[in-house]
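Please read the structure below before turning to the comments.
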Amino acid sequence: MSEEKSLNFIEEIITNDLAEGKCKSILTRFPPEPNGYLHIGHAKSICLNFGLATRFGGATNLRFDDTNPTTEETEYVDSIKADVQWLGFNWVKECYASDYFDQLYQYAIQLIEKGVAYVDDSSPAEIALQKGTPTMAGTGNDFRNRSIAENLALFNEMKEGKYADGAKVLRAKIGLSSPNMHMRDPLLYRIKRATHHRTGDTWCIYPMYDFAHGQSDAIENITHSICTLEFIPHRPLYEWGIEQLGIFPSKQYEFARLNMTYTIMSKRKLLQLVTEGHVSSWDDPRMPTISGMRRRGYTPESIRDFCERIGIAKRENIIDFSLLEFCVREHLNKIAQRRMVVTDPVKLIITNYAQAEEMLSSENNPEDTEGGVRQVPFSNELWIERDDFMEEPTKKYFRLGPDLMVRLKSAYIIKCERFEKDAAGNVQTIYATYFDNSKSGADTSGLHVKGTLHWVSAKHAVPVVLNEYDRLFSVEDVANAEGDFKEYINPNSLNTTTIAWGEPAFLNDAPEMRFQFLRKGYFYQDTISTKDKLVFNRTVTLKDAWAKEQKK
RNA sequence: UGCCUGAUGGUGUAACGGUAGCACAACUGUUUUUGGUGCAGUUUGUCUUGGUUCGAAUCCAGGUCAGGCAACCA
């Protein structure tokens with residue numbers, strides 16, 4: 001294997017660090033805040049961090065960045081762990097920023113003792129005002145000049161609960177004229193009386209992100225701390241903290257977050273979709289959440305493949321949704337068992353079929369020679385797709401119409417003789433004759449037909465419910481579209497068929513099996529599906545050359 | 001009108017001073033008992049202006065455009 005795969009910029013950095021002996025091995029971390037469900041954008045970060053560790057023989061911590069008790073919940077911790085595991089990754093250590101609250105408090109005292117942190121009594125508005133603007137230096141205030149002893153005492157009192165929420169904050173004493181707003185005496189600690197999902201009411205002061213993240217990285221000896229672009233301005237502060245404290249020199253690197261066409265990644269907006277009922281839940285199969293994609297039928301393999309293909313860089317990007325679809329089709333094509341399901345049924349009667357019924361065998365997966373076959377019952381009364389019949393066929397129509405011949409998949413070639421309509425003028429019954437010497441696998445008829453249809457024997461058919469999903473939004477770049485993003489919700493993102501007819505093989509199929517419904521798409525049993533009421537979610541359609549042809 | 005990022009086909013991503021490649025998308029053709037799959041092929045690109053160099057996507061200078069930054073959020 002001398003295949004040369006080019007390295008992304010982070011892999012180059014790591015390769016160099018290892019070569020120069022800056023570190024003996026690497027340790028990365030995936031640091032979600034447990035305030036929501038993971039989505040495909042997180043998957044990119046997960047695959048990056050865990051993938052890097054695998055590639056370079058290192059390891060990865062799962063760390064919950066739980067420094068804001070008002071938004072965080074154990075429910076989210078559990079779902080995040082489940083999602084990471086489902087994606088196929090294992091962390092060496094499960095960590096929590098909240099485990100470091102004591103240590104962080106000690107770090108803060110160290111800064112106060114060094115004279116580089118102070119307690120400020122100003123209100124949020126005053127602090128904002130005193131910070132100045134990007135083009136104008138801030139002014140600061142008298143609290144900056146408090147003595148070390150006074151700061152120590154006040155910070156202790158903050159911790160002891162002597163002051164009301166918001167009454168005081170601990171700030172770093174760096175200066176107020178930096179062109180980087182994040183460096184203008186940033187807040188380190190705030191008073192917040194809220195019950196933390198892990199530490200309960202032990203604390204009433206909590207560290208800010210900027211006084212927790214880099215410190216947590218250092219405590220865990222993280223070598224490469226990888227985050228998204230919006231944290232670039234925080235990096236000087238990240239480094240300031242490590243330097244002032246003299247702790248392990250973790251390094252921060254930034255990459256561009258994932259954007260995808262026809263969907264959104266913002267946790268806030270996703271939450272809105274759920275709370276306002278535009279989707280049923282966080283794991284609604286239309287959601288770009290890991291749990292939604294899992295329910296829809298995406299495989300972990302396909303998501304990992306997708307994350308591998310999109311690459312890692314610093315430039316803003318918007319990935320075609322069709323790449324994700326390609327990845328899942330490619331995987332499912334290889335592993336999904338084929339089944340026949342008729343979604344918009346019309347009756348087909350084979351007038352010269354004398355037997356009551358017979359069992360025909362059909363391959364489970366033509367891509368897999370080991371895939372085996374299954375038995376499919378055939379009789380003289382079948383359901384076929386309404387779309388597969390045309391009263392007056394057009395030129396390139398390879399399906400059924402008066403006097404036209406097609407093959408029934410894994411069965412016989414038939415010829416349409418006539419059809420009947422109901423009072424409303426809809427085709428109700430199609431009558432055909434079959435060629436008994438055209439049986440699949442033993443065809444001696446010499447007939448050649450262009451179309452092959454899927455079908456289900458009417459008296460053996462099993463009723464199934466189908467959820468067919470389409471993109472959640474109707475515009476490519478939802479985040480940058482004008483106005484409220486909700487205006488662009490695709491009203492037809494879910495199409496439910498309450499009665500479709502499927503093969504009886506479903507009765508013996510395990511719920512976690514992945515299927516391709518012939519000529520329809522890939523389907524996966526929904527979480528609410530039962531043996532008595534089978535419900536399938538369409539993961540993705542098949543490519544449809546005919547649909548394109550029709551549009552012309 | 002300050003600072004920080006970035007700019008390669010429709011979308012991503014490579015090329016580390018020496019043939020602009022790969023994937024998706026789109027479009028042909030071909031194979032096919034899935035209008036699926038497979039196979040073969042086509043179209044489309046270095047933001048701009050200068051400079052350095054035998055040679056620039058790459059180095060330098062200026063410009064343009066895009067995104068980010070002033071939460072007691074992360």
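Letters go in sequence order (proteins before strands), and every chain restarts at 1.
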I want to check a possible cation-pi pair here: A:R514 against A:Y524, using under 6.0 Å from ring centre and within 45° of the ring axis as the test. yes
A:K168 charged N/C atom sitting above A:Y163 aromatic ring, 6.0 Å / 45°: yes
Under a plain distance cut-off of 3.5 Å, with no hydrogens placed, do [Y] and [X] share a side-chain donor-acceptor pair?
{"X": "A:E325", "Y": "A:Y298", "answer": "no"}
{"X": "A:S122", "Y": "A:D120", "answer": "yes"}
{"X": "A:S440", "Y": "A:R407", "answer": "yes"}

Let me know the distance between [atom1] of [X] and [atom2] of [N], rounded to the nearest Å.
{"X": "A:F255", "N": "B:G67", "atom1": "CZ", "atom2": "P", "result": "20 Å"}
{"X": "A:E549", "N": "B:G35", "atom1": "CD", "atom2": "P", "result": "14 Å"}
{"X": "A:L323", "N": "B:C22", "atom1": "CG", "atom2": "C1'", "result": "13 Å"}
{"X": "A:F211", "N": "B:A74", "atom1": "CZ", "atom2": "C1'", "result": "17 Å"}
{"X": "A:E367", "N": "B:U33", "atom1": "CD", "atom2": "P", "result": "14 Å"}
{"X": "A:I10", "N": "B:A14", "atom1": "CD1", "atom2": "P", "result": "11 Å"}
{"X": "A:N35", "N": "B:C73", "atom1": "CG", "atom2": "P", "result": "13 Å"}
{"X": "A:Q130", "N": "B:A70", "atom1": "CD", "atom2": "P", "result": "18 Å"}

Can you tell me which nucleotide in [options] comes closest to the side chain of [X]?
{"X": "A:N68", "options": "B:A74, B:A25, B:A15", "answer": "B:A74"}
{"X": "A:V169", "options": "B:C72, B:G10, B:G2", "answer": "B:C72"}
{"X": "A:L542", "options": "B:G36, B:A74, B:A14", "answer": "B:G36"}
{"X": "A:K543", "options": "B:A23, B:G35, B:G36", "answer": "B:G36"}
{"X": "A:L518", "options": "B:A74, B:G12, B:U34", "answer": "B:U34"}
{"X": "A:K131", "options": "B:U5, B:U34, B:A70", "answer": "B:A70"}
{"X": "A:M181", "options": "B:A74, B:U37, B:A70", "answer": "B:A70"}
{"X": "A:S440", "options": "B:C24, B:G2, B:U33", "answer": "B:U33"}
{"X": "A:T452", "options": "B:C3, B:C72, B:G35", "answer": "B:G35"}
{"X": "A:T135", "options": "B:G35, B:U11, B:G2", "answer": "B:G2"}

When the ring planes of A:Y37 and A:Y76 are compared, do they come out parallel, tilted or perpendicular, using 30° and 60° as the limits? perpendicular
Over 60° means perpendicular and under 30° means parallel, so classify the ring planes of A:F64 and A:Y96, tilted if in between. parallel
Are OP1 or OP2 of [N] and a side-chain N or O of [X] less than 4.0 angstrom apart?
{"X": "A:K548", "N": "B:C27", "value": "yes"}
{"X": "A:T261", "N": "B:U11", "value": "no"}
{"X": "A:K450", "N": "B:U33", "value": "no"}
{"X": "A:R519", "N": "B:G35", "value": "yes"}
{"X": "A:R190", "N": "B:A74", "value": "yes"}

Go ahead and name the base partner of [N]; Watson-Crick or wobble counts if both distances stay under 3.5 Å, otherwise write none.
{"N": "B:A14", "answer": "none"}
{"N": "B:U44", "answer": "none"}
{"N": "B:A71", "answer": "none"}
{"N": "B:G55", "answer": "none"}
{"N": "B:G29", "answer": "B:C39"}
{"N": "B:G6", "answer": "B:C65"}

If you look at every strand shown and take non-hydrogen atoms under 4.0 Å, does [X] touch a base, only sugar-phosphate, or nothing?
{"X": "A:T541", "result": "nothing"}
{"X": "A:G441", "result": "base"}
{"X": "A:Y206", "result": "nothing"}
{"X": "A:I312", "result": "sugar-phosphate"}

Any donor-acceptor N/O pair under 3.5 Å between [N] base and [X] side chain:
{"X": "A:Q516", "N": "B:U34", "answer": "yes"}
{"X": "A:R315", "N": "B:G12", "answer": "no"}
{"X": "A:H182", "N": "B:A71", "answer": "no"}
{"X": "A:R407", "N": "B:U33", "answer": "yes"}
{"X": "A:D544", "N": "B:G36", "answer": "no"}
{"X": "A:E230", "N": "B:G67", "answer": "no"}

Can A:Y209 be called stacked on B:A74 when the rule is centres closer than 5.5 Å and an angle between planes below 30°?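 The base of B:A74 is not stacked with A:Y209 (the test needs centres under 5.5 Å and planes under 30°).
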5′-ward residue of the pair A:L229/A:A128 relative to RNA chain B: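 Checking each residue's closest nucleotide, the 5'-ward one belongs to A:L229.
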Given RNA chain B, 5'-ward residue of the pair A:D120 and A:K409, judged by closest heavy atom: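 So the residue in question is A:K409.
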Proximity of A:F536 and A:F523 rings by center, below 6.0 Å: no
Between B:C69 and B:A14, how far is it from one C1' atom to the other, in whole Å?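 To the nearest whole Å, 31 Å.
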Would you measure the distance from the P atom in B:A56 across to the matching atom in B:U19 and give it in whole Å? 12 Å
Atom NZ of residue position A:K450 - does it have more than 12 heavy atoms of other residues, nucleotides or ligands inside 6.0 Å? no
